Colleague: 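Sharing a structure, written as structure tokens. Questions coming.
A, B, ... follow the sequence lines: proteins, then strands. Residue 1 opens every chain. Owing to the predicted nature of the structure, the values given are computational and were not obtained by experimental measurement.
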Amino acid sequence: MVICSGSRASSYEISMKSTREIHRIWHSGVIAVMAWVGLVVGTTGFMGSSAIAQVQEGLTIRIEPRFGDAPLEMFRSRIAARQWVIPAQNIASSVHTPTKPDDSAKAHCESTAIFIPADTITITALRFYCSAIVLNGVAADTSRARLVDASDSATLIIPLRVSFPLPRSLPTRLPSIERREHAQLAERHERPENIVLQCRLGVDSATNSAGALRGDLDPIRGMYWAWQSGYINFKLEGTSARCTARKKKFQFHLGGYLPPLQTVQVLTFSRNTAQAAQSKEWLVIVDVREFLAGIDLATLHTVMSPSPDAVRLARKAASAFRLQNPE
Amino acid sequence: MLSRVSSQCMKLSSLFALVVACSTVVLACICAGFTATVASGEHPDSTSMGGFVVPKGWKPPVYNFADNPLTAKTIALGRMLFHDPILSRDSTVSCASCHQPRTAFAHVDHDLSHGIGDAIGTRNAPVLVNLAWKGTFHWDGAVNHLEMQPLAPITHPQEMGETLENVLQKLRSTERFRVAFAEAFAEVLGKQDRHITTERMLKALAQFQLTFVSANAKYDRVMRGEHGWVFNEFEQRGYTLYKAHCSSCHTEPLFTNGGFENNGIALDTTLRDTGRMIVTKRVEDSLKFSVPTLRNVEVSYPYMHDGRFQNLAMVLFHYSQGIQHSPTLSPALQRGISLTEDDKRCLIAFLRTLTDEEFLKNSAFQPR
């Protein structure tokens, strides 16, 4: 820039030139800012997702209560409840007993057989909570919890809403998965071509302590203990010919969230992309016969508070759930 | 010339830079301030709690007001529900039947409360004082949230003996409750949604009970240094003894540490109440009960979870001479509390300074 001193013309020239200079600074400043903003946005966008996310419509979970292979009807007619036969069972159970107090390392392993005679039962209630439904760790349901009731078919279909593509990793987000269990789950389910569905069977501690809630978590739904705060995660009721309780009724109300008597369970299912392409429906079977296997209803028929029995039965309840993949 | 132009440019660019720098700093301050307010949660302002005022120097309440900010209409609804026996099976028992406002919401002269059909319960009805600071409820801490507490007496066969479904159905068919529910939640929900639900009933009851704040006893006035309020020599000596022997469990200013303790009272074999162990199933919680607040203790006789002590003299006799040792006895009581008769009189004089007349006579707690 040529600077001349003295004449007005040259000072005009100078002011024009200095204005241009100022403009130049402004322009370069604006460009710099825009570039910076673009870089930030681009980086965030890049880190966010590698492709444009799309919501897959029509994805659902369908829960099918069964007794063995038969659909679980609770009532055959308005008068009589449908009866189910459980054949006699021989349950082998190993009992570890140390031979001497100081010999605990050399545990004596004894195999005992428990015989449970045949039984005829009815099922009058099957209800449980499903919460924190995730697909590959991504939340797929906006509800805080869903109350599934075998006698209310509307509750047996859970619509899912999630954006594809999903991240490719076994979800680790759900609490109450211990490290060992997580490793076992990873071994079973983690494949590059798999989609993993997980949910809680029951509700978490935060929900148990959150105060008055509405909808499926309303205490009026009959799944909340008034006398000792807490939700019932899984409820199964019915009658058994062998049961010694009043009116031969068995009642398993499995709840409890205070350690060490937590009864909430995590359910994990997976299927590969080929299976996912065949059906948008995840068919989850809950097999009541599986739950009742090995339970002697003559002696164990009433569990209605947090206890070691409740914890054990809650695990059994979780094992009664399985995914049925399309052939 | 060069220097003049470039100095002009420099001025402008430095001005520009200065403006940018300043706005960044201001923005950062705003963000920091905002997050500090939101994240600290230490002293939420009254407006976020619907006007709930925390007495000066007290720790913040544990109740989550964000989910249920106080409103005048909802408190009024809670008051209606609290005093109405419609909540019981035969419409004879209300909350106020056992929780009487004039006596700090305790059930005076009853060791165990009686409910529907004169059924006698298994526990003494405790005072309802400063509930916003309470995390668990009932002598064994079975209830974990203030909103859920009413479900227990409502459905208990020896208290109100009713079902939740019936209660809601009765409320829905009663005109004055339909009106009160519609007014109470109109601000929050809009005029369209007037349903009477479990959640709204429980939240209304909670709001009313949250107003039971007792912080204006003689003790409080002395502590605040209010003009003309001083302890007399007996009360002062009692306070000194209190701080030495009682504070570890009955900690000021709430006069409870909010925990569970075994204070050495023997198991009542007619009740076999093992306290906290019933809830946690842990042996180390056997015979532990919730530490009650001592505010208004003068008017809330009889004392202990089963009301076994008729008066404060008997309580102090227990602490000085009657403690039963067991594996779960509170460490603070292992060696007992040695008190002379004079000491006991002074302690009782001090405990009387916890009586809050304003609280007991508050007409806002009475039915309309």
Colleague: So A:Y224 and B:L164, side chain to side chain contact (heavy atoms under 4.5 Å, CB included) or not? Walk me through it.
Modeller: CA-CA 11 Å; A:Y224 187 83; B:L164 191 51; over 6 Å; no

Colleague: If we define contacts as heavy-atom pairs under 4.5 Å, which of B:L202, B:V279, B:L146, B:T155 has the most with chain A?
Modeller: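 The candidate making the most pairs under 4.5 Å is B:V279.
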
Colleague: Check each atom of A:P259 against the heavy atoms of chain B and say whether the ones under 4.5 Å are side chain, backbone, both or neither.
Modeller: backbone

Colleague: Restricting to non-hydrogen atoms, name the atom on A:A212 and the atom on B:M148 that form the minimum distance, rounded to 0.1 Å.
Modeller: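 Nearest heavy atoms, A:A212 then B:M148: N-SD, 3.5 Å.
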
Colleague: Would you give the length of the straight line joining atom NE2 of B:H145 to atom CG of A:N208, rounded to the nearest 0.5 angstrom?
Modeller: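 Going from NE2 on B:H145 over to CG on A:N208, the span is 12.0 Å.
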
Colleague: Do B:E165 and A:I220 touch side chain to side chain, with heavy atoms closer than 4.5 Å?
Modeller: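 Sidechains of A:I220 and B:E165: in contact.
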
Colleague: Identify the residues of residues 226-237 of chain A whose heavy atoms come closer than 4.5 Å to a heavy atom of chain B, ordered by number, or report 'none'.
Modeller: A:A226, A:W227, A:Q228, A:S229

Colleague: Which answer fits B:L168, side chain, backbone, both or neither, if we ask what part of it has an atom under 4.5 Å from a heavy atom of chain A?
Modeller: side chain

Colleague: Could you check whether atom CZ of A:R214 has more than 12 heavy atoms from other residues, nucleotides or ligands sitting under 6.0 Å from it?
Modeller: no

Colleague: Rounded to the nearest 0.5 Å, what separation is found between the OG atom of A:S209 and the CG atom of B:N64?
Modeller: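 Atom-to-atom, A:S209:OG and B:N64:CG are 12.0 Å apart.
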
Colleague: What pair of heavy atoms forms the shortest contact from A:L261 to B:K281, and how long is it?
Modeller: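 For A:L261 versus B:K281, the nearest heavy atoms are CD1-CG, 3.4 Å.
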
Colleague: What option among B:H138, B:R282, B:K203, B:E199 has the most heavy-atom pairs under 4.5 Å with chain A?
Modeller: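 Most heavy-atom pairs within the cutoff with chain A belong to B:E199.
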
Colleague: Checking heavy atoms, do the side chain of B:T198, its backbone, both or neither come under 4.5 Å from chain A?
Modeller: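 Its backbone and side chain both get close to chain A.
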
Colleague: Which one, B:A206, B:A152, B:P153, leads in non-hydrogen pairs under 4.5 Å with chain A?
Modeller: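 Most heavy-atom pairs under 4.5 Å with chain A: B:A152.
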
